[in-house]
Amino acid sequence: MTAKIIDGKAIAKEIRGDLAKQVAELTKEGRQPGLAVVLVGDDPASAVYVRSKKRACEEVGINSLVHRLPQETTQKELLALIEELNQDPKIHGILVQLPLPDGLDEEIVINAISPKKDVDGFHPINVGNLHIGQEGFVPCTPAGVVELVKRTGVSIAGKNVVVLGRSNIVGKPVASLFLRENATVTICHSRTKDVAAECRRADILIAAVGRPKLVQQDWVKPGAVVIDVGINRVDGEIVGDVDFEQVKKVAEAITPVPGGVGPMTIAMLLKATVEAASRA
Ligand code: NAD
């Protein structure tokens, strides 16, 4: 068997096409969605992410405003900007690009964003809403993972989902989202006794660890769906957490890296911004 390759790029493009129509409607009603992106300091990777978010916003017609602040910005100055954006009726989503330079407290900064504009879904109120199953914003990468599985036509209810990784930005929210979809969810982490054995029970396996090619062919049940969130740089090449060439021989469907989960993250950010504007 050779797995179906889940084309995250194509699916994300489809989502952006749908969003562009919704944005056009909202704009006609005088409610053009607006996303403020705050970038502090000069981390080159962050600058690249911010540029691609701005480009994606422009493509679907979302008004995006990038606030570039110098490395030496104080916490007080950053909080003042966030408060201004919280009050701005033209801004529906606020995203502070992480990591922040030393001396700025990410937790305090994230907590200052209005939960109604927290399109990244990192505010404790949105984290809580996800866990108790109430409406709110959900972190973009986990939302993209579930959307990929759904759009591949895979049913989730009753399936064994195994998540590798328990971070607050990927592992835990992914697990919550699959639980919400009525899957039976197992979370594995660095202290799990036999990760390979846990993985072999998975109908849907999500790898979000950050270890190149950790998931081997004999970790995967034949016919499983494998979603690789990992992004690892090895000898100038980007590889995932899954040994793609080997695992595709046994999986039913698998995401490539790059071109799988990555493009979905930005598509989900745009979707959240449009939702925020519709709710406002
Ligand atoms: P993290 O370092 O915060 O968390 C890694 C998790 O993996 C931890 O919970 C740890 O307990 C667990 N872990 C470590 N070794 C393990 C092992 N041998 N078996 C099972 N679990 C193990 O990382 P993160 O922020 O959650 O990101 C994970 C990966 O996803 C990284 O490669 C990151 O670059 C990538 N990522 C991709 C996107 C995207 O848009 N595609 C977005 C966010 C993160």
Side-chain angles (χ1 to χ4, degrees), residues 6-13 15-16 37 43-46 48-53 55-56 95-100 106-107 110 119-122 127 130 137-149 161-178 185-202 205-216 218-220 226-235 237-244 247 254-272:
I6 302 172
D7 187 346
K9 249 185 175 169
I11 296 173
K13 191 173 173 201
I15 292 170
R16 289 199 302 273
V37 180
D43 177 54
S46 293
V48 171
Y49 288 135
V50 166
R51 265 202 303 278
S52 48
K53 283 167 187 170
R55 208 177 313 123
L95 183 152
V96 177
Q97 185 67 44
L98 301 177
L100 289 172
E106 285 184 3
E107 202 176 303
I110 297 299
V119 281
D120 247 347
F122 291 158
V127 175
L130 170 61
F137 291 110
V138 171
C140 300
T141 301
V145 167
V146 175
E147 192 67 27
L148 270 184
V149 172
V161 173
V162 175
V163 180
L164 300 185
R166 58 170 164 186
S167 72
N168 289 333
I169 63 163
V170 192
K172 280 186 209 154
V174 157
S176 275
L177 284 171
F178 277 106
V185 181
T186 304
I187 305 178
C188 297
H189 46 79
S190 52
R191 308 285 283 273
T192 299
K193 282 210 175 101
D194 188 346
V195 179
E198 297 295 342
C199 288
R200 278 192 283 272
R201 296 192 301 112
L205 178 62
I206 315 296
V209 175
R211 302 256 157 110
K213 301 188 182 180
L214 174 76
V215 177
Q216 298 294 306
D218 64 351
W219 291 29
V220 177
V226 180
I227 308 289
D228 190 353
V229 185
I231 300 177
N232 309 289
R233 216 170 282 271
V234 180
D235 302 328
E237 206 191 322
I238 303 282
V239 298
D241 290 347
V242 175
D243 188 338
F244 180 81
V247 171
I254 186 169
T255 57
V257 176
V261 175
M264 291 298 285
T265 299
I266 293 187
M268 292 296 110
L269 170 70
L270 304 178
K271 188 167 178 229

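Ligands are counted one by one from 1 in listed order, and the atoms in each one are counted from 1 as well. On a predicted model such as this, the values are computed, not experimentally measured, just so you know. Along the sequence shown, residues are numbered consecutively beginning with 1.
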request  = Please round to the nearest 0.5 Å and tell me the distance separating atom OG1 of Thr265 and atom OH of Tyr49.
outcome  = 9.0 Å
Proximal atoms of ligand 1 relative to Val261 (non-hydrogen, under 4.0 Å) = 41 (N)
task = Not counting sequence neighbours, which residues clear side-chain contact (heavy atoms from CB on, under 4.5 Å) with Glu237? List them please.
result = Val239
request  = Could you check which of Ala207, Cys140, Cys199, Gly210 puts a non-hydrogen atom nearest to atom 31 (C) of ligand 1?
outcome  = Gly210
Close side-chain approach of Pro263 and Pro258, heavy atoms under 4.5 Å = no
key: Side chains of Leu164 and Glu198 in contact at under 4.5 Å (non-hydrogen atoms)   = no
remark   = To atom 28 (C) of ligand 1, the nearest of Pro142, Pro139, Gly260, Ala208 on a heavy-atom basis is Ala208
query = Quick check: does Arg166 get an N/O under 3.5 Å from an N/O on ligand 1?
reply = yes
query = Where the closest heavy atom to atom 3 (O) of ligand 1 is concerned, which of Ser167, Gly262, Gly165 has it?
reply = Ser167
key: Thr265 neighbourhood, listing ligand 1 atoms whose heavy-atom distance to it stays under 4.0 Å   = 39 (C), 40 (O)
ask   = What protein heavy atom sits nearest atom 17 (C) of ligand 1, and how far away is it?
value = Leu214 CD2, 4.1 Å
remark   = atom 2 (O) of ligand 1 sits nearest the protein heavy atom Val209 O, 4.2 Å
message = Using a 4.0 Å heavy-atom cut-off, which part of Ile169 comes near ligand 1: side chain, backbone, both, or neither?
response = side chain
request  = Starting from atom 10 (C) of ligand 1, locate the nearest protein heavy atom and write down its residue, its atom name and how far away it is, to 0.1 Å.
outcome  = Ser190 N, 4.1 Å
Distance, nearest 0.5 Å, that separates CD1 of Ile227 from OG1 of Thr255 = 5.0 Å
remark   = Residue, atom and distance of the protein heavy atom nearest atom 32 (O) of ligand 1 read Ile231 N, 3.0 Å
message = Test your reading of the model: is there a side-chain donor-acceptor pair from Ser167 to the backbone of Val170, 3.5 Å cut-off?
response = yes
request  = Taking the side chain as every heavy atom from C-beta outward, state whether Val229 and Asp241 have any pair of such atoms under 4.5 Å apart.
outcome  = no
Option of least heavy-atom distance to atom 41 (N) of ligand 1 (set: Val229, Ile266, Ile238) = Val229
request  = Measure the shortest side-chain to side-chain distance between Phe178 and Val145 over non-hydrogen atoms and say whether it is less than 4.5 angstrom.
outcome  = yes
Minimum side-chain heavy-atom gap Val220-Arg200 below 4.5 Å = no
task = Would you mind telling me if ligand 1 is within reach of the side chain of Arg211, the backbone, both or neither, using heavy atoms under 4.0 Å?
result = side chain
inquiry  = Please list, in number order, the atoms of ligand 1 under 4.0 Å from a heavy atom of Val170.
reply    = 26 (O), 43 (C), 44 (C)
query = To the nearest 0.1 Å, how far is atom 42 (C) of ligand 1 from its closest protein heavy atom, and which atom is that?
reply = Thr141 OG1, 3.2 Å
request  = Kindly write out the residues that satisfy salt bridge (Lys or Arg N to Asp or Glu O under 4.0 Å) with Arg166, not counting sequence neighbours, or none if the list is empty.
outcome  = none
